[in-house]
Each structure stands twice: as structure tokens, then as C-alpha cells.
A.B. asks: 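Attaching a single structure in C-alpha cells format; questions to follow.
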Number of protein chains: 2
Amino acid sequence: MQLTPASVALVRGAAVQQVHRAETHEIAPGAGSGMNSPPTILPAGRVLFWQGDDQRQQIEICKGLVRAVRLFGNGRRQILAFYWPGDIIRAIRGSSYSYTAETVSQCELRWCSEVHLACGPTNRSGADQILGQVLPLLTAIAQKSTVARLAWFLLRVRNHLPPDPRIEGVLRIVFPRADIADYLGMSVETVCRTLSDFKTRHLIDLPTRKTLRIRDVSRLRKIAQGWSAF
Amino acid sequence: MQLTPASVALVRGAAVQQVHRAETHEIAPGAGSGMNSPPTILPAGRVLFWQGDDQRQQIEICKGLVRAVRLFGNGRRQILAFYWPGDIIRAIRGSSYSYTAETVSQCELRWCSEVHLACGPTNRSGADQILGQVLPLLTAIAQKSTVARLAWFLLRVRNHLPPDPRIEGVLRIVFPRADIADYLGMSVETVCRTLSDFKTRHLIDLPTRKTLRIRDVSRLRKIAQGWSAF
DNA sequence: CGGACGCTTGAGACTGATCAAGCATAGTGG
DNA sequence: CCACTATGCTTGATCAGTCTCAAGCGTCCG
């Protein structure tokens with residue numbers, strides 16, 4: 001059995017941290033030198049850093065998808081944000097309210113020193129960055145129905161999902177359904193059912209389980225705005 | 001009719017901002033001088049600053065209660081945090097994801113320059129501060145039942161609520177039920193019902209509508225942890 | 001004293017979670 | 001290359017939890 005973070009989280013107490021740390025990615029060589037390290041390729045399901053770590057590096061995502069997640073003792077988790085190619089992860093240092101970063105898919109990453117990017121256009125603190133992600137999420141979860149939340153989510157990730165090379169206009173869904181569920185605060189079953197509903201209503205297509213085509217953006221927008229189911 | 005922020009929010013578009021600004025508190029004299037201004041007393045329901053304002057001052061709460069809230073066009077709102085005596089509000093500058101600050105009860109406030117407090121023990125950015133409030137709230141709303149959320153809330157505010165001078169061990173609930181509802185993402189009716197349930201189960205007392213006595217902290221803690229109703 | 005507002009309780013409907021079963025897909029080893 | 005298996009996905013049935021609508025009550029303030 002391979003230990004994925006999700007399954008490991010079912011274990012309680014100190015053992016969690018132990019196993020967790022065992023599979024943490026070793027920081028790339030030369031990362032602390034002030035120069036950018038060369039890109040690193042990581043498979044899916046690897047941890048970049050743990051919540052509570054004193055993370056002083058920034059991580060640039062060249063390819064792939066990374067999720068920011070809070071893990072709880074009862075096996076549940078809350079995904080706070082997704083990071084897409086071009087994003088730079090700035091960790092929250094010295095805060096008990098930080099998060100764990102994991103690769104969702106295979107990733108090409110670049111560790112870089114904090115100083116190097118401090119003056120760039122993305123000059124925001126890690127807290128600022130996460131807050132910009134979490135505030136809309138909070139209001140979506142607190143105020144929208146599951147249907148509206150999922151529509152909102154699809155519109156948000158639409159511009160980030162990589163296109164499927166085989167069919168024009170089709171996007172590759174790089175995350176499992178469980179990630180959508182743990183991001184939007186709903187069950188996997190409801191995610192599936194609602195996606196099927198969207199398909200039935202010709203809002204989207206699901207050519208395969210891992211591909212998506214958005215057919216009616218404007219109607220999806222209307223659904224995403226309101227509370228009501230449809 | 002008196003225009004409270006909540007009722008004004010029912011209006012749409014530009015008019016909202018207009019009326020809103022009309023009742024904004026005028027910044028205390030001398031606030032920008034680098035010296036602390038003398039304490040200011042404000043009645044309940046006044047706005048300290050608006051979401052999107054370029055707020056460069058910090059506000060120390062000497063007495064009373066302030067709420068951080070995001071207002072939406074459809075009349076809904078999401079309360080992000082409460083600030084209690086001793087707290088210092090650091091606004092989020094230059095971010096579209098900032099918030100509005102309003103007095104919940106009569107308040108004694110002190111405007112102070114940002115520099116003055118930059119080296120104190122509360123040396124955290126505004127984003128850091130809000131994030132520390134919002135992350136636990138997000139996970140509470142996303143993962144707990146309404147019952148667990150309310151128990152969690154009561155335990156959180158317990159140490160901040162001012163004691164009622166008349167009866168020993170009784171606290172004054174300074175916020176209306178609607179504030180609890182808009183903070184925890186539930187309806188006012190559910191807040192009422194759940195409080196009544198807690199009373200029936202001897203977890204709390206409600207001597208009057210505005211007073212509260214917590215009778216069984218440990219049982220309340222158990223309820224606050226789990227998803228299950230009781 | 002009257003009215004407005006906030007609080008409380010009830011009835012009903014409906015959303016969404018849970019449990020359960022079956023199916024598709026990708027990965028593995030013969 | 002083909003079973004075989006593990007995993008993730010999908011759909012159905014059921015029901016608890018929570019919202020909505022509605023009505024009544026208490027309290028505060030003019």
C-alpha cells in the first residue's frame with residue numbers, strides 16, 4: 001500500500017507527523033543560496049512543506065498543480081487554494097495558521113529565495129496571498145448552495161486547466177473529485193451528482209472522467225451567483 | 001427610519017456606497033500626526049472604514065465590540081471577525097479583498113499611526129491578523145454542523161464577553177442573533193433554536209435575551225469538536 | 001401608549017450527507 | 001498482452017439537518 005497524505009491523515013497523533021515528514025520532499029540543492037535553483041520535477045501527491053514549518057523559500061510553479069491544504073486529526077481536510085503554473089507560493093512563516101502544500105499532479109517547480117522576488121509584481125506577503133484565495137471561498141461556502149458553489153468553482157478553474165491535446169475546447173481535469181469536495185466543503189457524491197446534472201442540462205460536457213468542456217458560460221455564471229439550485 | 005448598514009445593503013449599486021459613506025465615521029483629529037489620538041466614543045452601528053478604503057491607520061479598541069464584515073449586493077453579508085477590547089485592527093491596504101469595520105456596541109476607540117505599533121507584540125500584518133481569524137472560521141463552516149459551530153462560537157467569545165454586573169457568572173451578549181448567524185453562516189432561526197436546545201440540555205442559561213451563562217464547558221467542548229448534533 | 005424591531009417557536013419543504021452497490025479506469029504482475 | 005486488483009467515479013435510496021415561511025411574543029424607544 002502506498003501512503004498518500006489523504007490516507008495517512010486517518011492515523012492519529014504523533015504518528016501522523018512522523019509518516020508525513022518521511023515523505024516530505026527534500027529541499028532542492030542550492031535553494032538557500034539566494035540564487036534560483038533549477039526546476040525540479042515531482043510526481044503527484046508529494047508534500048512541498050508542512051503546516052507549521054518555518055518555510056523561508058518561495059516556490060514557483062512552472063508546470064502542474066499544487067494544493068494548499070489544512071489537515072485535521074479526524075481524517076478530514078480542507079483545501080484552501082490551488083496554485084497553477086505561473087503562481088508563486090509564499091508560505092506563512094511563524095504562524096500556527098499555516099498550511100501544507102502538496103502536488104496534485106506531476107509538477108515542475110522552482111525553489112527561489114524570498115529576497116529574489118520581493119520586488120516583483122507579485123510582491124505580496126504569504127498571508128495576503130492566501131487571504132485573497134480564502135475570503136471568496138469562505139463566502140462561497142457560507143452563502144451558496146452546493147450547485148452554485150460548483151458552478152463558481154468551474155468558472156474559476158476554467159482559465160487554468162490545461163487543454164486536452166486531442167479535442168479542441170476540452171480541458172483536462174487534473175484533480176480528483178475528492179479535491180473538489182474538500183475544497184468546496186461538500187461530499188464527493190454531491191460533486192458527482194451535480195456535475196451529472198450540469199451535463200444533463202447541457203452546461204458542460206464530460207467526454208471522459210478526467211476531461212471537461214464548458215458549454216454555457218453565461219448560464220453557469222447565473223447559477224454561480226445565486227443561492228437557488230437552478 | 002434610521003439607516004443601519006444592514007438595511008442599507010439591501011439597496012443596490014452606487015447608492016449603497018453613497019449612503020454608506022454618508023455615515024462613515026470622520027477620522028479623529030490628529031490621527032495622521034504620528035501621535036495617538038485621544039480615545040473616541042462611538043455609538044453602535046457606525047462604520048470605522050469601508051472595504052476597499054486605503055486605511056493607513058490602526059484602531060485600538062479600548063471598550064466595546066467591532067465587527068469585520070463583507071457586504072454583498074444582494075443584501076447578504078459575511079462577518080469575518082470580531083474585535084474585542086485590547087485588540088488592534090490593522091486594515092488590509094490596497095487589496096480588493098479587504099473588509100468593512102463597524103461598531104457592534106458603543107465603543108471607545110483610539111486611532112493610532114501604523115509606525116507607532118509596528119514594533120509591539122502585535123506586530124502582524126493586517127492580512128495575517130484576519131487570516132488567523134478566518135481560517136478557523138472557514139473550516140468550522142465547511143466541516144461542522146450548525147450545532148457544533150454554535151458551541152464553538154460560544155466557547156470562543158466566552159472569555160471576551162463582559163460580565164453582567166448584577167449576577168455572578170453571567171455574561172452580556174453584546175451582539176444580536178443576526179450577527180451570530182452571519183458569522184457562522186446559518187439562519188437566525190437556527191441560532192435561536194440551537195441556543196434554546198443548549199438551554200434545555202443545561203449547557204447554558206439565558207437569564208434574559210442579552211445575557212448568557214455557560215454551565216457546562218466540557219460538554220460544550222465535545223459538541224464543538226464533532227460534526228454530530230449532540 | 002404605540003410601533004418598530006429583534007427574538008422565539010412551529011410547520012413544512014427541500015437540500016445535501018450517508019450508506020450501499022455497481023461500474024470504469026489505471027496500474028500491476030503473470 | 002491479458003487478467004486482476006485497487007482506486008476512483010457514479011448512481012440510487014434514505015433520512016437527518018437546516019432553511020424558509022409564518023405567526024406570535026417581548027422589549028426598547030419615541
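Letters go in sequence order (proteins before strands), and every chain restarts at 1. These values consider heavy atoms only, across backbone and side chains, with no hydrogens, waters or symmetry-generated copies.
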A.B. asks: Return the value, rounded to whole Å, for the distance between atom CZ of B:R177 and atom P of D:dC28.
C.D. replies: 13 Å
A.B. asks: With a 4.0 Å cutoff (strictly under), does any side-chain N or O of B:K210 reach OP1 or OP2 of C:dG6?
C.D. replies: no
A.B. asks: Indicate, yes or no, whether a donor-acceptor pair under 3.5 Å links the base of D:dC21 to the side chain of B:E189.
C.D. replies: yes
A.B. asks: Considering heavy-atom distances to DNA chain D, does B:S187 or A:P176 have its closest nucleotide positioned more toward the 5' end?
C.D. replies: A:P176
A.B. asks: Within the structure, does a side-chain N or O atom of B:S196 lie under 4.0 Å from either OP1 or OP2 of C:dT9?
C.D. replies: yes
A.B. asks: In whole Å, what is the span from the NZ atom of A:K199 to the P atom of D:dT10?
C.D. replies: 9 Å
A.B. asks: Taking only side-chain nitrogens and oxygens of B:T146, does any of them come within less than 4.0 Å of OP1 or OP2 of D:dT18?
C.D. replies: yes
A.B. asks: Looking at A:K210 and A:V174, would you say the former's side chain and the latter's main chain have a donor-acceptor pair under 3.5 Å?
C.D. replies: no
A.B. asks: Nearest whole angstrom, please: distance from the C1' of D:dT11 to the CG of A:D197.
C.D. replies: 11 Å
A.B. asks: Pick one: which of B:V66, B:L161, B:I61, B:N159 meets side-chain contact (heavy atoms from CB on, under 4.5 Å) with B:W84?
C.D. replies: B:L161
A.B. asks: Side chain of A:R193 only, heavy atoms from C-beta on: which candidate in D:dG12, D:dC19, C:dG16 is closest?
C.D. replies: D:dG12
A.B. asks: Could you tell me the separation between the CG atom of B:L184 and the P atom of D:dC19, rounded to a whole number of Å?
C.D. replies: 11 Å
A.B. asks: Starting at CG of A:L212 and ending at C1' of D:dT10, how long is that distance when rounded to a whole Å?
C.D. replies: 16 Å
A.B. asks: Give a yes or no answer on whether the side chain of A:Q106 reaches the backbone of A:L42 with a donor-acceptor pair at less than 3.5 Å.
C.D. replies: no
A.B. asks: Specify the separation, in whole Å, of atom CE of A:M186 and atom C1' of D:dT18.
C.D. replies: 17 Å
A.B. asks: Could you state the CG-P distance from B:D182 to C:dC7, rounded to the nearest angstrom?
C.D. replies: 12 Å
A.B. asks: Go through C:dT25, D:dT11, C:dT8 for me and flag the one nearest to the A:R209 side chain.
C.D. replies: C:dT25
A.B. asks: Just checking A:Y183 against A:F82, ring centres under 6.0 Å apart?
C.D. replies: yes
A.B. asks: So which one's nearest nucleotide on DNA chain C is more toward 5', B:F175 or A:G185?
C.D. replies: B:F175
A.B. asks: Between A:T190 and C:dA17, is there a contact of a side-chain N or O with OP1 or OP2 at under 4.0 Å?
C.D. replies: yes
A.B. asks: Does a side-chain N-to-carboxylate-O contact under 4.0 Å join B:D179 and B:R77?
C.D. replies: yes
A.B. asks: Where the side chain of A:V147 is concerned, which of C:dT8, C:dG16, D:dC9 is the nearest nucleotide?
C.D. replies: C:dG16
A.B. asks: Between C:dT9 atom C1' and B:L195 atom CG, what is the distance in whole Å?
C.D. replies: 13 Å
